[in-house]
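Have a look at the structure below, then the notes.
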Amino acid sequence: GAGAGVPMALTTASYMELLEEIAILEEEGHFRLLSATENPMCWPVCLQSGTVASDVYHKSRWIALGVVEGRGKRKRQDEDEDEDEDEDED
């Protein structure tokens, strides 16, 4: 219904990266985590890291599903620009 929030899905190659992304979203705004698990639809091919030759990974191996509710703590960049314009008019 109205005001239920915007669904959001995050995918990452590592579980630690997923946890970091979730923490940032929860800290910065009104993100409500619904689920975090291995992605059953991840990239099927195992890839080799471009920086550490012995590391391999799957793209989008982990997925988190959540809802963004409200606006969050940060202002959008265009809102900051609008405020700057208002100050210039004074």
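As the structure is a computational prediction, the values presented were derived from the model and not from experiment.
- When the side-chain contact (heavy atoms from CB on, under 4.5 Å) test is applied to M41, the partners found at least two apart in sequence or on another chain are N39.
- Rounded to the nearest 0.5 Å, atoms OG1 (T12) and CG (L19) are 8.0 Å apart.
- With sequence neighbours excluded, the residues forming a side chain to side chain donor-acceptor pair (under 3.5 Å) with T11 are S60, listed by chain and number.
- Across all their heavy atoms, W62 and S14 have their closest contact at CD1-C, 3.5 Å.
- Within the hydrophobic cluster formed by Ile, Leu, Val, Met, Phe, Trp and Tyr side chains joined at under 4.5 Å, directly or through other members, V56 stands alone, with no partner residue.
- L25 is linked by a side-chain contact (heavy atoms from CB on, under 4.5 Å) to M8, L10, F31, counting only residues two or more places apart in sequence or in another chain.
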Could you tabulate the donor-acceptor pairs under 3.5 Å formed by side-chain atoms of residues 42-52, not counting sequence neighbours?
from : atom 1 : to  : atom 2 : distance (Å)
Q48  : NE2    : A53 : O      : 2.7
S49  : OG     : T51 : N      : 3.1
S49  : OG     : T51 : OG1    : 3.2
S49  : OG     : V52 : N      : 3.0

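- Judged as a salt bridge (Lys or Arg N to Asp or Glu O under 4.0 Å), the pairs with a partner in residues 29-56 (not counting sequence neighbours) are, in order, R32-E69, E38-R61.
- Scanning both residues, A64 and L33, for their nearest heavy atoms gives CB-CD1, 4.0 Å.
- When side chains are defined from C-beta on, V6 does not count as touching V67, because their heavy atoms never get closer than 4.5 Å.
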Exercise for the section: Would you sort out whether V68 and H30 count as a side chain to side chain contact (heavy atoms under 4.5 Å, CB included), showing the intermediate values? Expected result: CA-CA 6 Å; V68 178; H30 302 281; 5.7 Å; no

